[in-house]
Amino acid sequence: MSITVNSITKQFGKQVALNSVTFQVPQGQVVGLLGPNGAGKSTLMKIITGYLTPDSGSALVNGVDINSPAYDFRRDIGYLPEHNPLYTDMYVKEYLLWVAGIYRLGKNARKRVLEIIDITGIGHEQNKKIGSLSKGYRQRVGLAQALIHNPSVLILDEPTSGLDPNQIVEIRNLIAAVGQNKTVILSTHIMQEVEAICGRIIIINKGSIVADGPASEIKALTSSSVQNVVVEFLEAPSVELLQSIENVSNVNQLTATTFLVSSSSNTDIRPTIFNFAKNNNLTLLTLQQKVLNLEDVFQNLTLTEPNNR
C-alpha cells in the first residue's frame with residue numbers, strides 16, 4: 001500500500017477534527033477526498049504529509065510510519081497545499097532550481113527542472129516572476145514543485161480553487177496525466193472533477209468517513225434506499241403541508257412552487273402525491289422521479305450526522 005491510515009484522531013481544543021479515520025490507498029490509485037468545509041480534509045492531508053502530528057493512530061507512506069526517524073518519507077510525497085506558498089519575487093525557473101536543490105537532486109537538477117517545466121506547460125512563463133503570473137499558472141508552478149523530485153505519492157489540497165472554468169479544465173487534465181503513474185489524493189469541492197479523474201471517492205463529514213468506494217457505488221448508497229421526486233405546483237403549498245404526506249421523510253423547497261420530496265418507502269410515492277394534490281385542490285404541473293447525481297448524494301451524506309461506515 002502507498003498510503004495506510006490507521007485510526008487517526010486529531011483534536012483542537014474541544015473540537016474533534018478527525019475521529020478514528022482509517023483507510024488504505026494502493027499504488028497508482030487516484031482518490032477524491034470530499035467533504036464540506038471544516039470536515040477535516042486539510043487536517044488529514046497535513047497529517048499524511050507530516051505537517052501535523054495525530055493525537056492517536058498512525059499514517060504510513062510506502063510502508064514507513066511518518067513518525068519514524070529512520071527514513072525521510074517526504075522524499076516520496078509531493079504536496080500542494082490549499083494556499084499555494086510560492087515566493088512571488090523569484091523567477092519561475094529560478095524557484096524550481098531552488099526547490100530541486102532542497103531535494104538534493106544534484107547534477108540532475110537542471111535537467112529535471114526542464115522536464116517538469118515541459119510536463120506542467122509553463123515553458124513560456126519560466127523566465128517571468130511568479131508574482132506576475134495568473135492564478136492558473138501559479139497553480140502549475142505549485143504542481144511543478146510538488147512533482148520535481150518525482151514522488152510516488154501526490155497530495156493535492158483544492159488545486160483548482162479560485163480558477164476560471166478554462167483553467168480548471170487545464171489543471172484537471174494535468175493532474176489526470178501525471179496521476180497515471182502515481183498515487184494521488186485530491187481534495188476538491190468540484191464534483192465533475194472527481195468523476196472525471198478519480199477512480200475512488202472518500203467522503204468525510206465532521207471528522208469521520210461516511211462513504212468510501214467507486215463513484216458508481218457512492219451514488220448507489222442513497223439512491224437505492226431513498227426516492228426523490230421533483231414536484232411543481234401552480235400554487236405554493238407550505239413545506240409543512242407536504243411533509244404530512246404519507247411516507248414522505250423530507251421536503252426541500254427549490255423555488256416558491258417547486259419541491260424535492262424524499263421518501264424511504266419501497267412503494268412509489270408519486271400516486272400518493274397525485275392524490276394529495278387532488279384532495280387539497282392543488283394544480284400539479286410536474287411530478288418527476290429524480291435520479292441522484294454525486295452532488296445530491298454528497299448533500300445527503302454530509303447534511304446528516306456521520307455514522308462511521
Side-chain angles (χ1 to χ4, degrees), residues 1-5 8 21-35 39-52 59-64 66 73-85 99 103 112 115-116 118-122 136 138-161 163 167-204 209 211-218 294 298:
M1 290 291 174
S2 287
I3 300 173
T4 301
V5 173
I8 281 184
V21 172
T22 297
F23 64 89
Q24 295 181 329
V25 182
Q27 184 176 359
Q29 190 172 76
V30 180
V31 177
L33 183 63
L34 303 181
K41 304 184 302 297
S42 293
T43 299
L44 179 59
M45 289 182 157
K46 288 175 182 177
I47 288 174
I48 294 173
T49 53
Y51 285 89
L52 286 177
L60 285 75
V61 175
N62 292 332
V64 180
I66 60 172
F73 71 94
R74 293 172 185 83
R75 292 185 178 275
D76 289 333
I77 292 182
Y79 179 40
L80 178 61
E82 180 179 2
H83 303 291
N84 193 355
V99 174
Y103 284 107
R112 179 57 181 168
E115 288 176 350
I116 210 65
D118 181 58
I119 290 171
T120 54
I122 54 177
R138 289 192 192 192
Q139 289 299 85
R140 287 176 179 265
V141 174
L143 277 171
Q145 67 80 25
L147 290 164
I148 198 164
H149 55 300
N150 196 25
S152 60
V153 173
L154 198 56
I155 307 292
L156 307 174
D157 194 355
E158 301 286 352
T160 58
S161 176
L163 303 186
Q167 292 171 333
I168 288 173
V169 172
E170 291 171 358
I171 297 298
R172 181 190 301 167
N173 291 339
L174 178 57
I175 293 170
V178 301
Q180 291 180 0
N181 301 311
K182 300 185 184 299
T183 301
V184 181
I185 293 183
L186 166 70
S187 170
T188 181
H189 287 109
I190 303 174
M191 301 300 163
Q192 299 93 326
E193 195 166 277
V194 173
E195 294 191 88
I197 63 177
C198 298
R200 175 181 168 194
I201 298 171
I202 295 175
I203 299 179
I204 186 170
I209 292 177
D212 182 358
S216 58
E217 292 183 8
I218 299 297
L294 185 58
F298 174 83

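Just so it is clear, the model here is predicted, and its values are computed rather than measured.
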| request: With the side chain counted from C-beta on, respond yes when R112 and I148 share a heavy-atom pair under 4.5 Å apart, and no when they do not. | output: yes

| Taking all non-hydrogen atoms of both residues, which atom of M191 and which atom of L34 are closest, and how far apart? | SD-CD1, 3.8 Å

| message | Could you walk me through whether I66 and I47 satisfy the side chain to side chain contact (heavy atoms under 4.5 Å, CB included) test, starting with their C-alpha distance in whole Å, then the side-chain angles of each, then the deciding distance to 0.1 Å, before giving a yes or no? | response | CA-CA 9 Å; I66 60 172; I47 288 174; 4.2 Å; yes

| Rounded distance [0.5 Å steps], CD1 in I175 versus OG1 in T188 | 8.5 Å

| field | side chain to side chain contact (heavy atoms under 4.5 Å, CB included) against D76, all qualifying residues, sequence neighbours excluded | value | V61, N62, Y71, S152

| note | One should read off an interatomic distance between T49 OG1 and D157 CG, to the nearest 0.5 angstrom, of 9.0 Å

| CG/L143 to CD1/I119 distance, rounded to the nearest 0.5 angstrom? | 11.0 Å

| field | E82 vs K41 side-chain heavy atoms within contact, under 4.5 Å | value | no

| Going by heavy atoms in the side chains, are F23 and L44 under 4.5 Å from each other? | yes

| Would you call the rings of Y103 and H149 parallel, tilted or perpendicular, where under 30° means parallel and over 60° means perpendicular? | parallel

| task | Supply the atom-to-atom distance I122 CD1 to Q139 CD, rounded to the nearest 0.5 angstrom. | result | 12.0 Å

| field | Sub-4.5 Å side-chain heavy-atom contact between R200 and D212 | value | yes

| request: State, to 0.1 Å, how close P151 and K182 come at their nearest heavy-atom pair, and which atoms those are. | output: O-NZ, 2.6 Å

| Between OG of S2 and CD1 of I77, what distance do you get to the nearest 0.5 Å? | 10.0 Å

| remark: Nearest heavy-atom contact between P159 and L186 is CG-CD1, 3.2 Å

| said: I need the minimum non-hydrogen distance between V5 and V21, along with the two atoms involved. | reply: CG1-O, 3.2 Å

| note | Minimal heavy-atom distance between V25 and Q29, with the atoms involved, is CG1-OE1, 3.9 Å

| said: Could you check whether any side-chain heavy atom of I155 comes within less than 4.5 Å of a side-chain heavy atom of I3, counting everything from C-beta outward? | reply: yes

| message | Looking at every non-hydrogen atom in both residues, tell me the closest pair between I171 and R140 and how far apart they are. | response | CD1-CG, 3.7 Å

| message | Among residues at least two apart in sequence or on other chains, which ones pass side chain to side chain contact (heavy atoms under 4.5 Å, CB included) with H83? | response | none

| OG1 of T43 to CD1 of I48: how many Å apart, nearest 0.5 Å? | 11.0 Å

| remark: The side chain to side chain contact (heavy atoms under 4.5 Å, CB included) partner of M45 among L52, L156, L33 is L33

